[in-house]
Amino acid sequence: MESARLRRIYKKVEPSLHDPQELFLVVSVETQKLLVCVKDTVVKQYAASTSRFGNGHRENSLKTPPGLHRINEKYGAGAPPGRIFRDREDTGEDWDHKQNGDNLILTRILRLEGLEEGINKGAGIDSYERYIYIHGTGREDLIGRPLSHGCVVLRNHDVIRLFDIVKEGTVVYIDPPAVAIDNRQCRSVHFTGIFGSGMSALAQYLRFQGIAVSGSDRLLASEDTAFVRKSLEGLGCAVVPQDGSGVTEETDVVCVSTAIEESNPDIAAAKSRSLPIVHRSDLLAAIIASKRTIAVAGTSGKSTVTAMIFEFLTACGKSPSLISGAGLRRLEKQGMIGNAYSGGSDLLVVEADESDGSLVKYHPEAAVILNVSKDHKSTDEITALFKTLVAQSSWTASNADDPILLSLPATVRFGRNGTGSWRPDQEKLLPASVKLFRNSAEYHLPLPGDHNLENLAAALCVCEHFECEGAALVDAVKNYEGVARRFSVTRTKQNVSVIDDFAHNPAKIAAVVRASRGLSRRIIAVYQPHGFGPTRFLKEEYIKTFRIAFQKNDSLYLLPIYYAGGTAQKDISSEDIIGGLGPVAFNAQAVRDRDELLARLKIDATPEDCVLLMGARDPSLPALAKRIVEMFGGEISALVKGA
């Protein structure tokens with residue numbers, strides 16, 4: 001192991017040592033060696049074997065967990081080489097070299113306890129509860145290459161020698177392999193804009209793999225991002241001000257999103273150290289290439305279908321991982337941010353965003369193309385992007401009901417259209433849910449709206465391809481918990497329904513308004529456009545959609561355009577959109593700020609009305625939804641979560 005790498009590991013291990021001269025162990029997954037170290041010096045080393053299934057922390061994955069551990073218990077003192085242990089008990093039997101030695105635990109046991117919450121300690125990922133040991137084996141001929149079912153395996157005489165020099169409490173660091181980004185081996189990644197939904201997902205995923213993560217964000221001190229910050233720091237991410245200080249001698253690469261400008265101090269710091277600067281999509285592309293990845297693309301419904309596929313595969317025992325642009329409520333209930341998860345299998349479900357064109361870098365095993373509409377780019381540009389993604393995917397499912405997508409090749413097409421090879425036998429739209437019938441199975445999804453029938457069809461089509469079926473899939477659909485800010489409905493004590501939704505382009509707004517009419521005949525819509533460029537690009541489509549979607553007695557309030565910082569041509573406003581509507585049958589107004597909005601809502605909304613809050617990117621929108629709910633007496637119960 002390189003001395004620089006060992007110095008980094010010692011810096012991480014040192015706070016867990018009682019004495020700077022205390023020895024500690026390093027298990028290198030990359031070199032298949034176990035090193036006995038003092039400070040940054042190797043004093044002994046042994047050939048070792050980690051899991052043949054790779055590294056990972058999920059229970060039942062049979063993978064070797066990364067990160068800081070300590071020896072919690074020692075078993076087998078005085079036993080001869082080759083002594084067989086079962087449930088950590090000395091059986092009194094010695095291995096006779098005749099029976100298969102693959103799964104035998106021989107000679108000595110050092111039981112490990114994880115020290116990093118969320119990485120190797122905690123429900124579902126706990127190294128101690130997973131029975132992760134250092135032990136001897138009956139396959140000494142294979143030592144030095146991945147061999148085990150999760151444990152660290154040594155030759156029998158070597159494990160005796162190790163046993164005699166360590167104690168209960170000795171620190172063990174399991175060093176995972178680096179992540180390859182643009183042919184560069186990276187063990188420490190700095191994220192500029194780490195609180196962004198896509199960036200925080202990548203940061204969490206790397207930490208789950210044992211990669212060191214730091215990050216900065218301009219919203220570091222904001223109450224709206226406090227939970228994300230706390231969660232990232234809880235996983236061991238170093239979160240710092242966006243002043244370049246987070247880019248250090250230990251940083252291997254700086255990861256940025258499209259929103260980060262060249263003038264950012266982190267970029268300047270990276271350049272001063274001659275460090276590579278990679279786009280978020282480059283990192284995601286590297287991860288996609290390392291897994292059996294399902295990439296979900298489309299201008300509407302990506303987050304929902306990504307969540308459905310992940311939840312359905314999980315319920316059917318497939319144990320996938322997840323990288324998404326939105327938090328899943330099921331994961332949020334576990335105390336997670338909810339947009340990333342490390343499963344036990346090689347399956348990975350990702351949301352493939354087309355907004356900046358970067359999805360052409362992805363080469364997934366499976367691609368799902370949901371729909372095409374004008375959003376950030378023209379339909380022709382988006383179609384071209386999807387065509388490239390399809391060409392780079394081994395298997396593709398495409399929406400047969402979208403006429404634009406019919407021009408693209410697909411392995412299977414889902415939908416009602418006669419060209420679709422995957423079709424439901426029957427569908428039902430209910431006020432607060434939908435039903436889809438296929439092959440004698442009834443799938444009842446607790447989300448309203450015709451668009452959610454399309455989303456469900458896409459997810460079921462993919463999950464059937466990955467061999468999900470029967471009662472497990474039916475139950476998974478019924479128990480789907482949804483995505484944060486995707487048609488989150490709250491009934492208030494004053495009998496006003498408040499819906500919080502991420503809708504931010506004309507097609508999504510139209511779909512959400514239609515779904516809302518299942519809850520109330522009168523819609524009071526609040527929309528906050530995001531970004532001056534996107535608003536300018538979609539102005540005419542907004543006007544057309546608003547004219548069609550809203551009816552007599554409805555209200556539409558536009559908040560000022562959300563500005564996330566950076567260079568922008570501020571030559572359009574919400575007032576311009578309202579002015580472009582001309583005479584309409586519904587009440588349409590642009591408000592100065594949120595205080596004016598709340599005052600108008602208080603007067604406008606009456607019992608049985610529905611207040612629909614829409615908008616994207618702004619992390620303070622959930623707090624606004626909460627203020628609206630409280631203004632109408634507070635919550636009675638959450639009816640629908642996550643369309």
message: Could you walk me through whether Lys333 and Glu481 satisfy the salt bridge (charged side-chain N to carboxylate O under 4.0 Å, His left out) test, starting with their C-alpha distance in whole Å, then the side-chain angles of each, then the deciding distance to 0.1 Å, before giving a yes or no?
response: CA-CA 10 Å; Lys333 287 181 178 179; Glu481 295 201 20; 2.8 Å; yes
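- Residues His190 and Asp266 bring a donor and an acceptor atom of their side chains to less than 3.5 Å of each other.
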- request: Carefully, step by step, assess Asp501 and Arg486 under the rule salt bridge (charged side-chain N to carboxylate O under 4.0 Å, His left out).
  value: CA-CA 5 Å; Asp501 195 89; Arg486 296 325 189 261; over 6 Å; no
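- Sparse packing is recorded around NZ of Lys626, with 12 or fewer heavy atoms of other residues, nucleotides or ligands lying under 6.0 Å away.
- A donor-acceptor contact closer than 3.5 angstrom links the side chains of Asn339 and Gln204.
- A salt bridge is defined here as a Lys NZ or Arg NE, NH1 or NH2 lying under 4.0 Å from an Asp or Glu carboxylate O, and Arg187 with Asp175 meets this definition.
- At least one side-chain heavy atom of Tyr205 sits under 4.5 Å from a side-chain heavy atom of Ser321.
- Atom NZ of residue Lys478 and atom CG of residue Leu445 lie 12.5 Å apart, to the nearest 0.5 angstrom.
- Relative to the six-membered ring of Phe466, Lys318 misses at least one condition, a distance below 6.0 Å or an angle of at most 45° to the axis.
- Side chains of Tyr131 and Arg111: no donor on one and acceptor on the other come within 3.5 Å.
- The side-chain heavy atoms of Leu34 and Gln45, taken from C-beta on, include no pair separated by under 4.5 Å.
- Side chain of Ser49 to backbone of Gly144: a donor-acceptor contact under 3.5 angstrom is found.
- Every side chain to side chain donor-acceptor pair (under 3.5 Å) that Tyr341 has, sequence neighbours left out, goes to Arg58.
- Side-chain atoms of Ser324 and Glu351 form a donor-acceptor pair, as typed in the model, at a separation below 3.5 Å.
- A donor-acceptor contact under 3.5 angstrom links the side chains of Arg329 and Ser488, judged on distance only.
- Note that OG1 of Thr304 is 11.5 Å distant from CG of Leu456, once rounded to the nearest 0.5 Å.
- Classification of Lys302 and Glu354 as a salt-bridged pair holds, one side-chain N sitting under 4.0 Å from a carboxylate O.
- In this structure a side-chain-to-backbone donor-acceptor pair under 3.5 Å is missing from Thr251 to Val253.
- A donor and an acceptor atom, one from each side chain of Tyr480 and Arg330, are nowhere located under 3.5 Å apart.
- Within 6.0 Å of CG in Asp19 there are more than 12 heavy atoms belonging to other residues, nucleotides or ligands.
- Looking at Glu168 and Asn72, their side chains never bring a donor and an acceptor atom within 3.5 Å of each other.
- Interatomic distance, Leu348 CG to Phe310 CZ, rounded to the nearest 0.5 Å: 10.0 Å.
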- request: Check the pair Asp126 / Lys121 against salt bridge (charged side-chain N to carboxylate O under 4.0 Å, His left out), numbers first and verdict last.
  value: CA-CA 4 Å; Asp126 198 281; Lys121 182 179 181 180; over 6 Å; no
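- By the 4.5 Å heavy-atom criterion applied to side chains, Leu283 and Leu206 are counted as neighbours.
- With Phe502 as the aromatic partner, Arg485 does not meet the cation-pi criteria of under 6.0 angstrom to the ring centre and within 45 degrees of the ring axis.
- With values rounded to the nearest 0.5 angstrom, Arg108 atom CZ is found 9.0 Å from Lys74 atom NZ.
- By the 4.5 Å heavy-atom criterion applied to side chains, Glu73 and Tyr128 are counted as neighbours.
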- request: Verify side-chain contact (heavy atoms from CB on, under 4.5 Å) between Glu22 and Lys167, making sure each step is shown before the conclusion.
  value: CA-CA 11 Å; Glu22 184 180 349; Lys167 60 185 180 182; 4.0 Å; yes
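- A salt bridge links Glu113 with Arg70: at least one charged nitrogen is closer than 4.0 Å to a carboxylate oxygen.
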field: Working for salt bridge (charged side-chain N to carboxylate O under 4.0 Å, His left out), residues Lys63 and Asp346
entry: CA-CA 11 Å; Lys63 296 181 178 182; Asp346 287 334; 3.7 Å; yes
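- When all heavy atoms of Gly338 and Leu331 are compared, the closest pair comes out as O-CD1, 3.5 Å.
- The neighbour count for Glu249 CD, taken as heavy atoms of other residues, nucleotides or ligands under 6.0 Å away, is above 12.
- Comment: Glu116 engages Lys12 in a salt bridge, judged by a side-chain N to carboxylate O separation of less than 4.0 angstrom.
- Taking CZ of Phe85 as the start and CD1 of Ile105 as the end, the distance is 10.0 Å to the nearest 0.5 Å.
- Between the CG atom of Leu23 and the OG1 atom of Thr41 there is a distance of 12.5 Å, given to the nearest 0.5 Å.
- For the side chain to side chain contact (heavy atoms under 4.5 Å, CB included) criterion with Ile143, the lone passing option out of Thr137, Asp158, Leu154 is Thr137.
- Side chain of Ser393 to backbone of Glu365: no donor-acceptor contact under 3.5 angstrom is found.
- For an aromatic pair to be called close, the ring centres must be under 6.0 Å apart, and His69 with Tyr173 fails this.
- Side-chain contact annotation: His279 with Ser257, donor-acceptor N/O pair under 3.5 Å absent.
- For the residue pair Thr50 / Asn55, no side-chain donor-acceptor distance below 3.5 Å is found, with atom types taken as modelled.
- Scored by the side chain to side chain donor-acceptor pair (under 3.5 Å) test, Glu332 finds no partners at all (sequence neighbours excluded).
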